[in-house]
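Convention: sequence-line order gives letters A, B, ...; per-chain numbering from 1. Note: hydrogens, waters and symmetry copies are ignored here, and every other heavy atom, side chains too, is used.
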Amino acid sequence: MRHYAQPHNRDNFDKGMEKTYNPQEIENRWYRQWEQNDYFRPSGRGGAYCIMIPPPNVTGTLHMGHAFQHTLMDALIRYHRMRGDNALWQPGTDHAGIATQMVVERQLEAQGTGRKQLGRAAFIDKVWAWKEQSGGTISRQMRRLGDSPDWNRERFTMDEGLSRAVTEVFVRLHDEGLIYRGQRLVNWDPVLLTAISDLEVNSVEEKGKLWHIRYPLSGTKGHLVVATTRPETMLGDTAVAVHPEDERYRKLIGQTVELPLTGRRIPVIDDDYVDPAFGSGCVKITPGHDFNDYAVGQRHKLPIINVFTPDAKINREAPPAYQGLDRFEARKRVIADLEAAGLLEKIEEHTLKVPRGERTNSVIEPYLTNQWYVRTKPLAEPAIRAVEDGRIRFVPENWSKTYFNWMHNIEDWCISRQIWWGHRIPAWYDKDGNVYVGHNETEVRQKHELKPDVALHQDEDVLDTWFSSALWPFSTLGWPDKKPELQTFYPSSVLVTGFDIIFFWVARMIMFGLKFMDDVPFRDVYITGLIRDEHGQKMSKSKGNILDPLDLMDGIDLEALVKKRTSGLMQPEMAKKIEQNTRKAFPQGMPGYGADALRFTLASLASTGRDIRFDIQRMEGYRNFCNKLWNASRYVLMNTEDQDTGLDPKDPLELSLADRWIVSQLQITERNIGQHLNEYRFDLAATELYEFTWNEYCDWYLEFSKPLLQSAQASAAAKRGTRRTLVRVLETLLRLAHPLIPYITEELWQHIAPLAGKQGATIMLQSYPESDPGKIDDKAAADIGWLKQFVTGVRRIRAEMNIAPAKLLPVIVQGGTAQESALLAQYSEYLSSLAKLESLTPLAADAATPESAIALAGEMKILIPLAGLIDKSAELKRLDRELQRFRHEQEQIGNQLQNKNFTDKAPPEVIGKKRERLHELERALGDLQRQAERIKSL
RNA sequence: GGGUGCUUAGCUCAGUUGGUAGAGCAUCGCCCUUACAAGGCGAGGGUCGCAGGUUCGACCCCUGCAGCACCCACCA
């Protein structure tokens, strides 16, 4: 009789299991069920467990990094949900200001229009439209992976609520003096026409030149030589600096030089900043276009001359000959003119660090503008303490060093951006340039008693995307309102993210969380490695080595893959190479291994503190693992469905040795997996699962179950016990594995659970298995260990003597302890079945035996008569190899035990173990040696 | 210039108070044995980057070196 627990309505459910594992079919089916039944919603019971998703770009697509992090987050959430925690995985997306704006601008360009032509309001409408159109992609892909966030709570950083939080934070920080507006040099992207933060600038080592230029001394003959990598900025020089102690130039300090090409006269100043040993020891000072020079300029009260327009062309401050020239054109012209004037002393090859914008890759200019800043020092101090005193823990721990290093040297954060897509800065100006900050214009007018006739206009700039991201841990929970979920889920339990955004995001969340919630935003920060390709290269479009998680799950044919990798390249000339590599690496395309295989692979590769080389071979292995689990379930089902699995407590039940052993192993596995998951060792958890499933349950337990279930002698109670164990261990195993491989475990659980007497509509909401130490049975483990040794011994002889696997063998046994003999007698049926024996004949220790091949199980000798079966010289070779191995170990241990230092100083239990092992070896050596001599003498 | 990590079987990686090494994949041999050929049963393969030190004993702890990767930093 079947008693499925509230079966979901499915075709072919009652037809038993499909013969082959087909991940795509299962996976599509189950996700819908889960989501429709709202299984992802926090239960409202139990302790709070919360993970805030690092919000992906709303218009983005899922890449391997997401797949990796999401797998870990989802595994944690599913694990805690099953453990009975009130588990919330908060989903959502980020508006990604610059990135998204750039995408839409590019689209407009392709349509022959542009941002400027449309105007601000119309452009923003376009961006929203693009968000509506493409914004669902990433969440669809998350669903494909099996992610289980509470979709009801999905948030977007530009939602009304989150925007309110942004304004609130800005106003409060401003009122406290922690946000200010200031004019200073910023990192300016002349392509995007906006300021960016230090973090968005990457310095890249590039080959350049060092130009040595003569600056004639005023009113006398002679000149100073300055060296520069950026000659065009000389148009904005306002001094030349030398080191105060530099004897060569001491007398020139306070005098002036004639700045070439400009007709200006500039002073020679002294400053410690100058390194007398570098170049000529004289430095041109351009406060308007260099961060160091700016500082020197401040110290010496030098004027600042800005010679660039926002798009880095020469402006009207420079001599007319250069006006309007692009900076690189201007460089050529300046050099040519200096050369013509005989002022170019020499040109050297020079490698230098060029600052480039993260998004545009254009050379970033230090540029003097008005921007908004967050004063970070006061916020950083408590944020440092929170990690120092352990309220926040980095996993692996060493990342806290990186964090400290940055936090101790933190600079004020430039938060204003001259773009349109983002949170508009809540500041208003009157016609005199006075600034008023408030939640809105009405409030500003009230607060500052501004009459209606005072015209105000809002700041044109928007905030850095990371400003709203920094609020994510509480803005998503309804802050500044005091919602119950804010109370419940803040602080979250763990943040899972990459090291690349520790500064951008993690540090800022900690600062803002402590500031506004008076508590840390999360307890643990689990830092993942980067996913690289199988050669250790970063995955990138331009290298053509990107693996798309969707392709790995659902498959792609070769032509489609080649097309995908070679279209839309920035450097089309790479296409040929990429095509070649792709055809070589995936001659058959990709078969589509399913979400579970991808997740299991990512989990097993998730060693802490290490980048991951994604190896598709390994993924295939883990798909095979899923297949193994599938087939094991089929076996269990075939042997238990429509049969008595011991559900009625009145029926007598008897557990065999193998039953007790596998249950014992299961307890150990449960304990280890729980530990590993608690320690974020997903790799070890996956390995544990793999080994138990394949090497214990499938390879041995299922094989042990076969002779018992088929035995004519075994009692109904014993068979019932084995069926019950088959089903119960599998059912538990499915729950254990569910956080890593949710789909296949759900599918199988639906079949298996009723047979194990489990009720429930989904495995997702079942309890997570917990180890019961009372069921750990060392005796059973030892006995099974001996039986395995016996079986393996026979198999080894069989394999090495080239005896057909199907050929039944007669076996003689001799010697052995009383315990071994008892096991032999009791479990001869197992042994015969697993080792394929024809007969099993015990002989007295001193009885004469025929010429045989020998194997040892503990102290028992297993003899397989040679007659007709066995090749004498092959057996001798085999024995010899075995003897050598034993002798080698014997010698090692012997030496050790003869070393007085060792026997005096090593702990007694170590010495005892060695002695024991030595005796074992000596006995085994004796047995094997005698056997070898017998065979030789024939 | 400062900092971090890595170096273990052909490849990708584990290795938990130091007791002289493991897995998967790949390789080789035999098997389509009624859960599974996406499989079964066996086998081979490592001076744990190099050099010292501590220790009875080092893949593990200490020092130095080399190679690789990454992060931070204002040398014109």
Between [X] and [N], is there a contact of a side-chain N or O with OP1 or OP2 at under 4.0 Å?
X        : N      : value
A:His350 : B:rA76 : yes
A:Thr228 : B:rA76 : no
A:Lys914 : B:rU20 : yes
A:Arg798 : B:rC30 : no
A:Trp406 : B:rU4  : no
A:Arg618 : B:rA14 : no
A:Arg885 : B:rG44 : yes
A:Asn901 : B:rG57 : no

Go through [options] for me and flag the one nearest to the [X] side chain.
X        : options                : result
A:Glu800 : B:rG42, B:rC25, B:rC56 : B:rG42
A:Pro805 : B:rA35, B:rC71, B:rU33 : B:rU33
A:Asp699 : B:rG19, B:rG40, B:rA43 : B:rG40
A:Arg623 : B:rA38, B:rG19, B:rA76 : B:rA38
A:Asp275 : B:rA43, B:rA76, B:rC30 : B:rA76
A:Asn398 : B:rG42, B:rG5, B:rC31  : B:rG5
A:Asn899 : B:rG39, B:rA76, B:rC56 : B:rC56
A:Phe278 : B:rA69, B:rA35, B:rA76 : B:rA76
A:Arg795 : B:rG42, B:rC56, B:rA76 : B:rG42

Classify [X] by what it touches in the nucleic acid, base, sugar-phosphate, or nothing, heavy-atom distance under 4.0 Å.
X        : answer
A:Glu703 : base
A:Thr792 : sugar-phosphate
A:Trp211 : nothing
A:Tyr690 : sugar-phosphate
A:Ala632 : base
A:Thr687 : nothing
A:Val274 : base
A:Phe625 : nothing
A:Cys698 : base

Quick one: do [X] and [Y] make a salt bridge, cutoff under 4.0 Å?
X        : Y        : result
A:Lys913 : A:Glu916 : no
A:Glu696 : A:Lys788 : yes
A:Arg887 : A:Glu889 : no

Nucleotide [N], atom [atom2] - distance to [atom1] of [X] in whole Å:
X        : N      : atom1 : atom2 : answer
A:Lys706 : B:rU34 : NZ    : P     : 9 Å
A:Leu629 : B:rG39 : CG    : P     : 14 Å
A:Leu605 : B:rC13 : CG    : C1'   : 8 Å
A:Asp272 : B:rC75 : CG    : C1'   : 14 Å
A:Ile803 : B:rG40 : CD1   : P     : 22 Å
A:Asn627 : B:rA37 : CG    : P     : 8 Å
A:Gln884 : B:rG44 : CD    : P     : 12 Å
A:Phe499 : B:rU4  : CZ    : P     : 16 Å

Worksheet item: What integer number of Å spans the C1' atoms of B:rA58 and B:rG2?
Response: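 Their C1' atoms lie roughly 31 Å apart.
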Worksheet item: What interatomic distance, in whole Å, is found between P of B:rC11 and the corresponding atom of B:rU7?
Response: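 It works out to 14 Å between them.
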Worksheet item: Which pair of heavy atoms, one from A:Tyr21 and one from A:Ile744, lies closest together, and at what distance?
Response: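 Result for this residue pair: CE1-CD1, 3.6 Å.
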Item to complete: For the pair A:Thr608 and A:Glu679, evaluate side-chain contact (heavy atoms from CB on, under 4.5 Å) and give the outcome as yes or no after the intermediate values.
Response: CA-CA 10 Å; A:Thr608 42; A:Glu679 291 164 3; over 6 Å; no
Fill in: Option from A:His289, A:Glu365, A:Arg331, A:Lys284 for which side chain to side chain donor-acceptor pair (under 3.5 Å) with A:Thr233 holds
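The side chain to side chain donor-acceptor pair (under 3.5 Å) with A:Thr233 is passed solely by A:Lys284 among A:His289, A:Glu365, A:Arg331, A:Lys284.
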Worksheet item: Given the rule that a pair is Watson-Crick or G-U wobble with both distances under 3.5 Å, how would you write RNA chain B in dot-bracket, using | for pairs to a different strand?
Response: (((((((..((((.....[..)))).(((((.......))))).....(((((..]....))))))))))))....
Fill in: Pairwise 5' ranking along RNA chain B for A:Asn22 and A:Arg230, keeping only the more 5' one
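Counting from the 5' end, the first nearest nucleotide belongs to A:Asn22.
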Worksheet item: Are the aromatic rings of A:Tyr690 and A:Tyr622 close, with centres under 6.0 Å apart?
Response: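 Here the rings of A:Tyr622 and A:Tyr690 have centres that are less than 6.0 Å from each other.
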Worksheet entry | Centroid separation A:Trp188 to A:Tyr367 less than 6.0 Å |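 Aromatic pair counts; centres sit under 6.0 Å.
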Discussion item. Tell me whether A:His888 at atom NE2 has more than 12 heavy atoms from other residues, nucleotides or ligands lying less than 6.0 Å away.
Written reply: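 No, because the 6.0 Å sphere around NE2 of A:His888 holds 12 heavy atoms or fewer from other groups.
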Worksheet item: Between A:Phe682 and A:Tyr526, what is the ring plane arrangement, given parallel below 30°, perpendicular above 60°, and tilted in between?
Response: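 Ring orientation, 0 to 90° scale: perpendicular.
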Practice prompt. Go through the N and O atoms of the side chain of A:Arg613 and the base of B:rU12, and report whether any donor-acceptor pair is under 3.5 Å.
Written response: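 By the distance-only test, no, there is no pair.
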